Participant: 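Dropping the structure in here first, questions after.
This structure is a prediction, so every number in the text was calculated from the model and none was measured.
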Amino acid sequence: MPGKENIKLIANNKKAYHDYFIDEKYEAGIELAGTEVKSLRMGKCSIKEAYIRPHGNELYVEHMNITPYEKGNIFNKDPLRDRRLLLHRHEINKLLGKVTQKGYTLMPLRVYFRGSLVKVEVGLARGKKLYDKRQDIAKRDMRREAERELKNRYH
């Protein structure tokens, strides 16, 4: 089955990579209503402002915007409602232990289909300081310059 894994990206959180150091990544399922899945199939999702917060012994993704399905009428749910993440108990316990430490937070990095299932890539993140962001921008600019030089040299 490993060769059959077809992944279709729905939403990507570039802002999380800019504002945080991502230490670990986990794949989680997400509890959705039927019209939400149909809306996701059409690519109507935003996770720019989304974050993950623990409620008791469970993790919920908050402020993940799934646009209501056009033909969903009364079956549509609130687009910004909290949605439960589906992880193994030992993974939840590990993440809850890390989040209680100073400086760690949980961020949704990507939303995608793995086969017919909707998955969320959860990142265990530490906040970046302003100088860290500047260093990243400088590295990216240097890499672009080097690629431009190589391209010009061989053309």
Side-chain angles (χ1 to χ4, degrees), residues 1-72 75-140 143-144:
M1 276 250 207
K4 269 183 125 176
E5 289 186 22
N6 50 340
I7 294 176
K8 181 184 171 226
L9 187 65
I10 302 166
N12 199 359
N13 193 352
K14 292 180 184 175
K15 191 175 181 221
Y17 288 101
H18 182 262
D19 293 340
Y20 298 93
F21 292 112
I22 309 299
D23 289 347
E24 296 178 35
K25 294 179 183 179
Y26 295 89
E27 183 181 71
I30 186 166
E31 192 174 71
L32 297 170
T35 54
E36 290 175 326
V37 176
K38 288 182 178 190
S39 187
L40 286 174
R41 288 210 182 278
M42 294 170 27
K44 309 255 174 128
C45 177
S46 172
I47 56 172
K48 277 192 176 86
E49 294 88 30
Y51 55 91
I52 297 169
R53 181 164 288 164
H55 290 286
N57 281 342
E58 295 179 338
L59 296 174
Y60 286 83
V61 62
E62 299 180 0
H63 291 94
M64 176 177 160
N65 188 357
I66 298 178
T67 309
Y69 183 57
E70 290 126 22
K71 300 178 179 87
F75 299 107
N76 279 332
K77 304 283 188 204
D78 176 28
L80 292 174
R81 74 183 182 95
D82 299 347
R83 295 171 179 90
R84 187 164 65 115
L85 290 178
L86 307 171
L87 287 156
H88 291 285
R89 173 63 45 208
H90 65 89
E91 289 176 321
I92 292 173
N93 290 339
K94 183 178 177 183
L95 288 172
L96 288 175
K98 293 268 187 165
V99 169
T100 54
Q101 290 179 11
K102 187 177 176 236
Y104 276 110
T105 186
L106 291 171
M107 297 295 293
L109 303 176
R110 297 188 304 158
V111 179
Y112 55 94
F113 281 104
R114 180 182 293 279
S116 63
L117 302 174
V118 179
K119 299 290 184 176
V120 177
E121 188 175 65
V122 176
L124 185 64
R126 287 180 294 125
K128 283 186 182 179
K129 303 279 190 261
L130 184 60
Y131 57 85
D132 291 326
K133 292 178 191 176
R134 285 185 187 142
Q135 285 176 344
D136 283 354
I137 291 169
K139 284 179 189 172
R140 193 173 21 193
R143 192 173 62 240
R144 276 193 201 130

Participant: Identify the heavy atoms of Ala16 and Ile22 that sit nearest to each other, and give their distance.
Facilitator: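 Smallest interatomic distance, heavy atoms only, reads O-CD1, 4.3 Å.
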Participant: Could you pull out the closest heavy-atom pair between Ala125 and Met107, with the gap in Å?
Facilitator: CB-CG, 4.2 Å
Participant: Start with the C-alpha distance between Met64 and Val111, add both sets of side-chain angles, then the distance that settles side chain to side chain contact (heavy atoms under 4.5 Å, CB included), and finish with yes or no.
Facilitator: CA-CA 10 Å; Met64 176 177 160; Val111 179; 4.0 Å; yes
Participant: Mind checking the CD1-CG spacing from Ile52 to Leu95? Nearest 0.5 Å is all I need.
Facilitator: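 If I round to the nearest 0.5 Å, the distance is 8.5 Å.
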Participant: What's the separation between atom CD in Glu27 and atom CG in Leu109, rounded to the nearest 0.5 Å?
Facilitator: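 That separation rounds to 12.0 Å.
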Participant: For the NZ atom on Lys38, are there more than 12 heavy atoms of other groups (residues, nucleotides or ligands in this structure) within a distance under 6.0 Å?
Facilitator: no
Participant: What heavy-atom pair brings Ile66 and Cys45 nearest, and what distance separates the two atoms?
Facilitator: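 Taking Ile66 first and Cys45 second, the nearest heavy atoms are CG1-SG, 4.3 Å.
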Participant: Test your reading of the model: is there a side-chain donor-acceptor pair from Arg53 to the backbone of Glu62, 3.5 Å cut-off?
Facilitator: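 No; zero donor-acceptor contacts below 3.5 Å.
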Participant: Would you check if the side chain of Asn65 reaches a backbone N or O of Ser46 as a donor-acceptor pair within less than 3.5 Å?
Facilitator: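 Here the side-chain-to-backbone pair does not exist.
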Participant: What's the separation between atom CG in Leu117 and atom OH in Tyr112, rounded to the nearest 0.5 Å?
Facilitator: 10.5 Å
Participant: Heavy atoms only: give me the nearest Ile137-Arg140 pair and the separation to one decimal.
Facilitator: CG1-NH2, 3.1 Å
Participant: Of all residues at least two apart in sequence or in a different chain, which pass the side-chain hydrogen bond (donor to acceptor under 3.5 Å, both in side chains) check with Glu58?
Facilitator: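 Per chain and number, Glu58 pairs via side-chain hydrogen bond (donor to acceptor under 3.5 Å, both in side chains) with Tyr60, Arg84.
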Participant: What's the spacing between Leu59 CG and Ile30 CD1 if we round to 0.5 Å?
Facilitator: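 The CD1 atom of Ile30 is 11.5 Å from CG of Leu59, to the nearest 0.5 Å.
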Participant: What are the two closest non-hydrogen atoms of Lys15 and Lys48, and how far apart are they?
Facilitator: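 Taking Lys15 first and Lys48 second, the nearest heavy atoms are CD-O, 4.2 Å.
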Participant: Testing the basics here: between Val61 and Pro108, what is the closest heavy-atom pair and its distance to 0.1 Å?
Facilitator: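 The answer is CG2-CG, 4.1 Å.
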Participant: Mark yes or no for whether Lys8, through its side chain, and Arg41, through its backbone, hold a donor-acceptor pair below 3.5 Å.
Facilitator: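 Present.
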Participant: Tell me which pairs pass side chain to side chain donor-acceptor pair (under 3.5 Å) where either residue lies in residues 86-95, with sequence neighbours left out.
Facilitator: Tyr26-Lys94
Participant: Would you mind reporting whether Asp82 and His55 have side-chain heavy atoms less than 4.5 Å apart?
Facilitator: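 Heavy-atom side-chain distance check passes, below 4.5 Å.
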Participant: If you measure from CZ on Arg126 to OG1 on Thr105, what distance do you get to the nearest 0.5 Å?
Facilitator: 12.5 Å
Participant: Atom CD in Glu121, atom CG in Asn12: separation rounded to 0.5 Å?
Facilitator: 8.5 Å
